[in-house]
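Please read the structure below before turning to the comments.
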Number of protein chains: 2
Amino acid sequence: MAAQRLVIIGGDAAGMSAASQARRLKGPDELEITAFERGHFTSYSACGIPYWVGGQVDGPEALVARTAEEHRARAIDLRMRTEVTEIDTAGKRVRVRDLDPPGSAGEQSVGGTNGGTDDDTDGGTDGGRWERYDRLVIATGARPLRPRIPGIDAPGVYGVQSLDDGRTLADSLGEDPAGLDAVVVGAGYIGVEMAEALVNRGCRVTVLERGEQPMSTLDPDMGALVHEAMCGLGIETVTGAEVTEVRTGHDGRVTAVRTRDAEYPADLVVLGLGVRPETTLAREAGLPLGASGGLITDLSMRVRGYDDIWAGGDCVEVLDLVSGRPRHIPLGTHANKHGQVIGSNAAGGYATFPGVVGTAVSKVCDLEIARTGLLEAQADEVGLRYVTVTIESTSRAGYYPGARPMTVKMLAERRTGRLLGVQIVGREGAGKRVDIAAVALTAGMTVEQMTALDLGYAPPFSPVWDPVLVAARKAARAVARDMSGA
Amino acid sequence: MAAQRLVIIGGDAAGMSAASQARRLKGPDELEITAFERGHFTSYSACGIPYWVGGQVDGPEALVARTAEEHRARAIDLRMRTEVTEIDTAGKRVRVRDLDPPGSAGEQSVGGTNGGTDDDTDGGTDGGRWERYDRLVIATGARPLRPRIPGIDAPGVYGVQSLDDGRTLADSLGEDPAGLDAVVVGAGYIGVEMAEALVNRGCRVTVLERGEQPMSTLDPDMGALVHEAMCGLGIETVTGAEVTEVRTGHDGRVTAVRTRDAEYPADLVVLGLGVRPETTLAREAGLPLGASGGLITDLSMRVRGYDDIWAGGDCVEVLDLVSGRPRHIPLGTHANKHGQVIGSNAAGGYATFPGVVGTAVSKVCDLEIARTGLLEAQADEVGLRYVTVTIESTSRAGYYPGARPMTVKMLAERRTGRLLGVQIVGREGAGKRVDIAAVALTAGMTVEQMTALDLGYAPPFSPVWDPVLVAARKAARAVARDMSGA
C-alpha cells in the first residue's frame, strides 16, 4: 500500500509539532508529511520577539527551535515561502503558490533552501498548483489586530506577530535607539512586553490603552496595580486612550499618535492589540468556526464534521474547563500541545487536548503578572456566583533577603467553594505561583481543599504559608461566611 | 457557665497557631487559653536558623513571628520558661514547673515578662504545681538526634533545633569566623543548609554523611547530583562516613571529627542528623504513639482515643496520602496547618488535616533541591510498582538570559499511570516547580493527565514545555511502553 499523505498548512509551533509527532509514530514508507509555510521562518518562538527587540536575546536564530533543514532531515517535506490559497475538502487537495520568484533566495539562512517539487500534483500556474492530501492539518495561526485609522500603515508603525515582523522592528531600532519616543498601542501581554523591551533599549515609552486599566486579562482592581507599577518603572501608561490617528511627517514616517484627548510624539509605534484567529482559508472552505472566529474541533483536535482534518494552535477555539465555554487563547504552549495531539491522531494513535484553564504569565521589567481561571466578568458571563478575596504576601519568608511583595486575588464559587480563578501581581517569584492554582483548577478543587495543599516550604522559597494558601484560607472563610448568610 | 480552659504544651508553631485560631473563634469569656513554653522563644521559625547563622538574617528577633507580648495582648496566657513535666489524662491536669528561679529575667527581650499565676491550681512545690485543663493541645515538637559517641557533648559541638541553639552557635562564631574548619554531621536538609551558612561565613566546610549520597530524602541517583554540585560549591562532602568520635584538645574543646576511615580537623561541629518526635510526656501518659514515635491522631488532629486532647506539629505522625502510611515529617509549614486545624476543633469548630504528599524544598548555595511524593524505596516498601523517567530541562526558555539547568525525575505507577513522586535538582527556578507535582499528587492525577496541564508560560518563566510537563510526557510514554509489554 502506498504511503498516506499528511499535509500541514503552517510551519510554526502547532504545525511542526504535529509533523514531528506524526513522524515519531510513522516512518516515511507509511506516512508522507508535507508542510507549507508562507513566511521565512519555521518552528519559532514568537513569544521571544520582545526579548530579541529588547536586546536580551540574539535573534532571530536563537528563537528558532528547529530549522527547516532539521525538519527535512527527519523526512518532513517542509516548503518555505509557499502559501496555501485554497482548501478543497471535497477533492481532498489544497492549492499552493510559491511566494518567491524562481531562483531567488526565498529562505533565510536559518531555514535552508526550498525543498523539491511534488511529483503527483499539478504543475504551477498563475493560480498556483494543487497538492492532494489524505489527512490535513490546519495550523494557520493568528493575525494581529490593526485599528482602521489614518496613518496606521505608515513607515515606523510595527506589528510584532511573526519573526519577520520582529526582524523589521529590530533592524529599524538599529544599534542605539536610546532617547527615541516609542508609543505602544495596547497594554495587553504583547504591549507590556514590548514596553519593557523598548525601555531596555533606552527609549522613552508611552503605552496607550483603550480600556480602564492595562492588562484586561486581569480584573480592573488588579490591573490598577499593574498601572501603578508601570508608571513606577518609568513607562507612561495612559488608560481610556483611544487612538484615532497616526500622524506622519513630510517624509511619510510616523511623528505622533493622536488619541481623542491628546497627542503623543512618536519616532516609532508598536501595535500590541492582540490577535484574531487566521481562518480565512478555513472559512472559505466552509469549515466550522466559532464566535471567536477560531476553528471548532473536538477533543482530539479534529475539525468538527471532518474525519480527515485536524486544526490547532492560534487558529482554533479551545474548551475553557472552568466556564465550559469555547475560548480563543493564542499561546505557544497550547500550540505545541495541540501539535502533539494532532500528530498522534493523524498518525493513527490517540491523544486528546482536554482544554485550558486560562493560565497566562508575563512580566514588564521586574513586575510579574499572572492569572488562571476566570475573571469576575467571565464568571458573571456564565452565571457563576462567587466570592473574591485579595491578600498581600511575599515571595519568600518575610525575613529572608530578597523577599518581594505580591498581591493574590482569588475567586471561589458561592456554596460549593470551588476555585474559579487566581490573579497575581508582584515582583520576582510571584508569577509562576499561578501554576499551583492552575493544577487545582484542573482538578476541580475547592478553596477549602487548597488550604491543606502540601506545597514546598523553606525560607528562601516561601513564607511558611505560601501566598496561594493564604488566599485560599481567606477565600474558604469568605465562602463559609457567605453560606451562613453573614 | 464558666469559661472552658484550653491548655497548650509548647509555644512554637503548632501550639501558638492553635491558640491564635481558637482565640479567633472564641473570646476569653468562653475560652481561657494558657500555653506553656519551656524555652526562651515563642512562635519562631526554626527553619530560619541557618540563614541567621549564615549572616543573611538578623536573628533572633526577625525569626519570631509573634512575640509573647503579642500573644498576651490577644488574651492568650503564654507562660515562658515553664516546663510541663507530666500529663494526668484521668485528672485532666498537667504538672508544670518554672525553669527560672523567681526574680530572674527568664524571658528574652523579644518575649516580655512571665505571665501571672493561675488562681485555681495548686501552689508550686518542689515537684511543680498542677494546672487543670478542659481541653489539651500537645505541641512538644521534636528533639535532634545525637549519636552516642565520645566527645559529642564537648564545647564546640552544636545542635540547631531551637532558637536557643541558634543563638549559641551564632554567638560562638562571633564577628569573623572566616577560615575556621567546620564539620557538619549529616547531609539532610539541616545539614546542607548549615553547610551553606558556614560557607557564607567563610568557613572551610566538610559534610560527613553516613549514607551513600547526601539528601537521603532523594533517590540515590538524584542525591549523586547534589553530591557533585556540593563539591563544585567548595563543600567537601564525604559519603559513607560514619562518625565514631569527636576529638577534643587539652581545653576540652573539639579539635577534630573521626570517622571509621579518616579524621577531619574541626574548630566547630554542627549536628544535622535530623530529629525524632519529642513525645516522652505523651508516652509516660499512656497516649498512643506510632512506629516513628510520633503521636497518633485522627484527621481532626485529635489524639486517638481521647476526646479532649489534640496534638500537632513535629510531635505527631501524619498520613502520607500517596502511600497510605503514617509518616513523621517535621516541617514548620505542617505545624502551622496543624495548629489552625486544632484551634478550630478545640474551639468547637470543624477542620481537618487530610495528610501530606511529602513535599520538601531546600537549597545549598544556588543549588535547589526538591521532592514530593514517594522515593523508589518508599514505593517499594508499600508494594507499588512504577516506571521512572529522568529529564534535563531549563528554568526559562533556553534562549532567555538566566535559563538554568534542572533535572527532574518522575515516578508513575505501572498500569494506572498515577503520579507517585517527583524529585528536582537544579539551580534558580527549579525548586518551587515541585508544587505543580504536589497539587497533582493531591488530586490523584495520572502522568498522562499532567501532560495537558495549563501551566504559566512565557520565555522568562519557563520553556514552552515546562520541565514538569517534559517529565510527564516521558513518563506517560514509559507507562504505555510498560503496559504494551515492550
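Note on naming: letters A, B, ... go to the chains in the order of the sequence lines (proteins, then strands), and numbering restarts at 1 for each one.
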[X] versus chain A, heavy atoms under 4.5 Å apart: side chain, backbone, both or neither?
| X | result |
| --- | --- |
| B/Arg371 | neither |
| B/Ala370 | neither |
| B/Phe461 | both |
| B/Ser462 | side chain |
| B/Arg24 | side chain |
| B/Glu448 | neither |

Short side-chain to backbone donor-acceptor contact, A/Thr333 and B/Tyr457, under 3.5 Å: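 Pair absent, no side-chain N/O of A/Thr333 close to backbone of B/Tyr457.
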Main-chain N/O of B/Leu453 paired with A/Lys337 side-chain donor or acceptor, under 3.5 Å: yes
Pair B/Gln449-A/Thr442, side-chain contact (heavy atoms from CB on, under 4.5 Å): steps then yes or no: CA-CA 10 Å; B/Gln449 287 173 319; A/Thr442 305; over 6 Å; no
Residues in side-chain hydrogen bond (donor to acceptor under 3.5 Å, both in side chains) contact with B/Ser362, at least two apart in sequence or another chain: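 Scan of B/Ser362 (side-chain hydrogen bond (donor to acceptor under 3.5 Å, both in side chains), adjacent residues dropped) gives B/Glu193.
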What part of [X] gets closer than 4.5 Å to chain B, counting heavy atoms only: side chain, backbone, both or neither?
| X | answer |
| --- | --- |
| A/Ala397 | neither |
| A/Asp58 | neither |
| A/Leu321 | neither |

Pairing residues for B/Arg327 by the salt bridge (Lys or Arg N to Asp or Glu O under 4.0 Å) criterion, not counting sequence neighbours: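 For B/Arg327, the residues satisfying salt bridge (Lys or Arg N to Asp or Glu O under 4.0 Å) (neighbours in sequence not counted) are B/Asp320.
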B/Lys432/A/Asp435 ion pair, N-O < 4.0 Å: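 No, no charged N to carboxylate O under 4.0 Å.
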Nearest non-hydrogen partners of B/Ala438 and A/Asp454, listed with the distance: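 Between these two residues, the closest heavy atoms are CB-O, 3.3 Å.
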Nearest atoms (heavy-atom pairs only) where B/Val361 meets A/Ala458: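 Between these two residues, the closest heavy atoms are O-CB, 3.3 Å.
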